[in-house]
Number of protein chains: 2
Amino acid sequence: MIDDRKNKVLQAIVEDYVATAEPVGSRTIARKYNLGVSPATIRNEMSDLEDMGYLEQPHTSAGRVPSDLGYRYYVDCLMPARSISPAEHERIRQTFQRKIREVDTLIRETARLLSDTTQLTAVISGPQFEKAVFKEIRLVPLGRDRALLIYITDRGLVENQVVEVPVEVTMLEFQQVAEILNEQLRGHRMDTLPRTVLQALQRELSRYGSLLEQALYFLEQRLEPGERHRLYLGGTTRMLDQPEFRDVEKLRGVLSFLEQEDAVATVIGVDKETEGVEIQIGEEIRLRELADCSIVTATYRLGDEIIGKMGVIGPRRMEYPKVVAILNAIASYVSELNRRF
Amino acid sequence: MIDDRKNKVLQAIVEDYVATAEPVGSRTIARKYNLGVSPATIRNEMSDLEDMGYLEQPHTSAGRVPSDLGYRYYVDCLMPARSISPAEHERIRQTFQRKIREVDTLIRETARLLSDTTQLTAVISGPQFEKAVFKEIRLVPLGRDRALLIYITDRGLVENQVVEVPVEVTMLEFQQVAEILNEQLRGHRMDTLPRTVLQALQRELSRYGSLLEQALYFLEQRLEPGERHRLYLGGTTRMLDQPEFRDVEKLRGVLSFLEQEDAVATVIGVDKETEGVEIQIGEEIRLRELADCSIVTATYRLGDEIIGKMGVIGPRRMEYPKVVAILNAIASYVSELNRRF
DNA sequence: GTTAGCAGTCAACGCCCGAGAGTGCTAACG
DNA sequence: CGTTAGCACTCTCGGGCGTTGACTGCTAAC
């Protein structure tokens with residue numbers, strides 16, 4: 001059905017198109033990739049490949065361009081494995097040799113790195129509070145009328161927030177509030193935390209007034225969709241480098257999409273804990289705005305805990321072997337940093 | 001020199017150009033703005049205004065367009081005062097009636113609001129740690145090998161960071177480290193904190209090893225330029241709506257500029273504590289990338305402390321009266337929220 | 001099955017031309 | 001002397017048109 005020569009022709013077309021962004025013709029293939037056959041033969045193969053749905057023609061007298069299916073077949077069956085170049089490796093090493101003390105900075109830097117090395121737009125999802133299991137709550141008084149509320153999760157994640165405290169709350173009551181919160185919440189996962197627990201807490205502790213209210217508010221807020229993911233983007237403007245987005249309307253579509261955090265989170269699959277690199281191509285994404293884009297993602301960890309996804313978004317016409325290699329390398333590198341925050 | 005009629009003509013040209021984005025001709029002025037004179041007369045006035053540098057001609061047979069100087073004169077002398085519309089007011093009120101518990105969220109929401117109401121790109125600078133005066137440092141142990149380092153400033157700002165603790169550090173030593181840090185740092189402003197103090201601390205406390213090291217690292221990091229400002233952008237894609245940025249190259253210039261946090265921080269004047277609204281027009285900004293842009297900024301507070309700047313960036317051709325009114329309204333509204341975080 | 005040759009198709013480019021918008025100049029007017 | 005009408009001139013923009021070049025698909029020969 002799809003013999004060796006067809007594979008070679010398809011691979012040549014994909015790679016040439018990725019490199020040049022121009023529809024590729026039979027002549028070009030015959031000249032640049034020596035398959036030992038004439039353009040006419042290649043034309044026949046191309047015609048077959050088009051019938052099978054792997055190629056498309058922008059118009060009758062133009063060359064061929066890979067279809068979604070063509071790219072898919074390429075990444076699944078034809079794409080050569082590639083490891084990162086020494087230069088890329090060096091760049092990665094350099095980025096992480098600086099001591100980085102905050103998750104926020106780490107992710108921000110990683111996004112920049114990913115974007116710089118792939119020349120595409122990078123997306124990374126930050127730690128997800130709601131997946132974590134409560135270990136402890138602390139209330140640290142600050143001055144007379146405020147306190148720092150600290151949530152510690154079993155993954156070692158620490159979140160905190162300043163709350164205002166009614167002046168009449170005593171040191172003792174302070175401890176009591178913390179204790180009650182601890183009792184009720186310990187061992188619960190944020191996203192499975194029953195609202196009923198929250199309501200019970202609220203009733204029981206109503207006499208502590210706004211202090212408790214704020215603590216609960218903070219928790220509830222984390223449960224609301226849309227507040228769940230912190231997303232980091234890097235190199236959004238690289239979209240402008242892509243000839244496919246020379247058209248301002250298409251560009252607007254993609255860029256506005258990137259401004260909607262929750263939509264992007266969904267599309268990169270923050271919640272799916274898959275192994276290895278995942279590739280989504282064009283209409284596979286099922287979003288009009290991204291019909292001309294591909295997304296490559298990988299799950300990453302910190303220490304041994306899954307944190308989220310990192311990936312790139314760019315035109316379908318991207319250097320998949322390179323992108324996959326780099327993404328793999330960076331995701332592993334970060335995952336093995338073995339640091340806690 | 002510049003009589004009443006010239007003022008009226010200039011004002012008409014600026015406002016018409018702002019509305020239409022087309023060079024405006026003498027006929028248009030005579031028709032739409034009834035100054036009671038013929039197009040020929042207006043042509044003479046326009047010619048004068050061009051000689052004086054207030055207007056420019058894209059080419060000989062086109063209408064006139066305001067120059068930087070023209071816009072400057074307009075905003076300084078001609079621009080009608082305008083207050084916000086009921087709809088705008090309502091939109092602002094709605095945004096802030098939701099209880100917002102975190103500075104981060106507050107600023108993010110404000111940026112969105114500012115961008116939505118002005119239809120321009122919004123920029124807001126967050127609280128600046130280095131301007132604050134130290135009040136207190138706390139070290140809260142978390143588990144056996146970590147601690148939360150909390151910095152409290154006299155402005156009520158709280159920053160914190162998780163640090164790793166060598167296991168051999170005892171509870172007592174913990175308190176000692178905190179005390180020594182407190183003694184040395186209390187009352188110092190971050191940005192005037194002498195490196196010598198840090199070094200002295202480092203010598204004196206070297207036996208506490210990495211715990212202290214990390215505390216100091218955190219402080220030093222805040223002192224590095226580039227790490228100083230947290231910047232929030234809203235509605236970057238609105239740049240695409242502007243006809244002046246239909247050209248992808250110009251667009252790229254502006255958008256890449258917006259990705260450089262420190263450059264944007266400088267340009268909006270995070271460090272200048274000015275009163276009222278400031279307007280920068282075109283080449284006044286002295287940056288090639290922003291030669292076609294204007295920037296309107298205002299200082300804002302939270303409670304009674306100056307936090308930073310908020311503003312918008314858009315094409316020179318923007319509705320200054322509207323933008324100024326909205327920015328004023330939002331900056332005041334936020335400033336008067338009178339909440340602490 | 002492969003290839004050379006050839007006719008046919010289509011986008012892109014450059015060119016020209018006319019329409020339209022707007023100016024500057026001049027001369028006349030009050 | 002300021003204002004105005006009239007007119008010639010300039011320049012952009014868009015459409016129409018023919019040329020060019022890059023492909024393809026088909027056919028017939030190898």
Side-chain angles (χ1 to χ4, degrees), chain A residues 1-10 12-17 19-67 70 243-244 246-247, chain B residues 1-10 12-17 19-67 70 243-244 246-247:
Chain A
M1 179 88 195
I2 187 157
D3 60 18
D4 189 54
R5 193 169 64 193
K6 279 199 178 44
N7 280 339
K8 287 210 175 96
V9 170
L10 181 52
I13 291 176
V14 170
E15 289 174 4
D16 203 82
Y17 184 61
T20 65
E22 297 290 335
V24 358
S26 53
R27 250 180 104 82
T28 315
I29 300 292
R31 197 168 6 92
K32 291 212 285 191
Y33 307 79
N34 42 342
L35 306 185
V37 289
S38 77
T41 310
I42 292 178
R43 274 204 288 283
N44 292 332
E45 298 289 25
M46 285 164 83
S47 179
D48 291 353
L49 286 167
E50 185 171 1
D51 289 345
M52 292 188 250
Y54 296 115
L55 296 179
E56 291 172 351
Q57 241 177 328
H59 54 265
T60 33
S61 77
R64 300 308 208 288
V65 160
S67 65
E244 24 272 282
R246 205 82 57 78
D247 172 21
Chain B
M1 179 88 194
I2 188 157
D3 59 18
D4 190 52
R5 193 169 65 192
K6 279 198 177 46
N7 280 338
K8 286 211 176 95
V9 171
L10 181 51
I13 291 176
V14 171
E15 289 173 3
D16 202 83
Y17 184 61
T20 64
E22 298 288 334
V24 358
S26 53
R27 251 181 102 84
T28 315
I29 300 292
R31 195 169 7 92
K32 291 213 286 194
Y33 308 80
N34 42 342
L35 307 185
V37 289
S38 76
T41 309
I42 292 178
R43 274 205 288 282
N44 292 331
E45 298 289 28
M46 285 163 83
S47 180
D48 291 354
L49 286 167
E50 184 171 0
D51 290 344
M52 291 187 254
Y54 295 115
L55 296 178
E56 292 172 349
Q57 241 178 328
H59 55 265
T60 35
S61 77
R64 300 309 208 289
V65 161
S67 65
E244 24 272 282
R246 203 84 55 80
D247 171 20

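A note on names: the letters A, B, ... follow the listed sequences, proteins ahead of strands, and every chain is numbered from 1.
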Self-check item: Rounded distance [0.5 Å steps], OG1 in T41(A) versus CZ in R43(A)
Solution: 8.5 Å
Exercise. Give a yes/no answer on whether the side chain of S38(A) brings an N or O atom under 4.0 Å of OP1 or OP2 in dT3(C).
Key: yes
Quiz prompt | Nearest-Å distance for atom pair CD/C1', residues Q57(A) and dC23(D) | solution = 8 Å
Self-check item: Distance in angstrom units between I29(A) CD1 and dC23(D) P, rounded
Solution: 10 Å
Quiz prompt | Approximate separation, where rounding is to 0.5 Å, of E15(B) CD and L10(B) CG | solution = 9.5 Å
Quiz item: CG of L35(B) versus C1' of dT4(D): gap in Å, rounded?
Solution: 15 Å
Practice problem: Go through dG25(D), dT24(D), dT3(C) for me and flag the one nearest to the N44(A) side chain. | Solution: dT3(C)
Quiz item: Rounded to whole angstrom units, what separation is found between the CD atom of E22(A) and the C1' atom of dG21(D)?
Solution: 13 Å
Quiz item: Is there a donor N/O on one and an acceptor N/O on the other, under 3.5 Å, for the side chain of S61(A) and the base of dC23(D)?
Solution: no
Quiz item: E45(A) and salt bridge (Lys or Arg N to Asp or Glu O under 4.0 Å): which partner among K8(A), R64(A), K6(A)?
Solution: K6(A)
Quiz prompt | Separation of atom CD in E56(B) from atom P in dG22(C), rounded to whole Å | solution = 18 Å
Quiz item: Below 3.5 Å, does any donor atom in the side chain of R43(B) face an acceptor in the base of dG6(D), or the other way round?
Solution: yes
Practice problem: Please state how far atom NZ in K32(A) lies from atom P in dA22(D), giving the value in whole angstrom units. | Solution: 14 Å
Quiz item: Where the side chain of H59(B) is defined as all heavy atoms beyond and including C-beta, which of dT12(D), dT4(D), dA4(C) is the nearest nucleotide?
Solution: dT12(D)
Self-check item: Separation of atom CG in D48(B) from atom P in dG2(D), rounded to whole Å
Solution: 11 Å
Exercise. Whole angstrom is fine here: how far is it from CD1 in I42(A) over to P in dT24(D)?
Key: 10 Å
Quiz item: Between dT3(C), dG22(C), dG25(D), which one does the side chain of E50(A) approach most closely?
Solution: dG25(D)
Exercise. Indicate yes or no for a side-chain donor-acceptor contact from S26(A) to the backbone of I42(A) under 3.5 Å, with no hydrogens or angles considered.
Key: no
Quiz item: Which part of the nucleic acid, if any, lies within reach of A40(B) when heavy atoms closer than 4.0 Å are counted: base, sugar-phosphate only, or nothing?
Solution: base
Quiz item: Does dT24(D) have OP1 or OP2 sitting under 4.0 Å from an N or O in the side chain of R64(A)?
Solution: yes
Quiz item: Taking only N and O in the side chain of R5(A), is any of them less than 4.0 Å away from OP1 or OP2 of dT2(C)?
Solution: yes
Quiz prompt | Side-chain N or O of T60(B) closer than 4.0 Å to phosphate OP1/OP2 of dC9(D) | solution = no
Self-check item: Distance below 4.0 Å between S26(B) side-chain N/O and dG22(C) OP1 or OP2
Solution: no
Quiz item: Would D16(B) and T28(B) count as a side-chain contact (heavy atoms from CB on, under 4.5 Å) if you check the C-alpha gap in whole Å, the side-chain angles of each, and the deciding distance to 0.1 Å?
Solution: CA-CA 9 Å; D16(B) 202 83; T28(B) 315; 4.1 Å; yes
Quiz item: Using purine N1 to pyrimidine N3 plus N6-O4 or O6-N4 for Watson-Crick, or N1-O2 and O6-N3 for G-U wobble, each under 3.5 Å, what pairs with dC30(D)?
Solution: dG1(C)
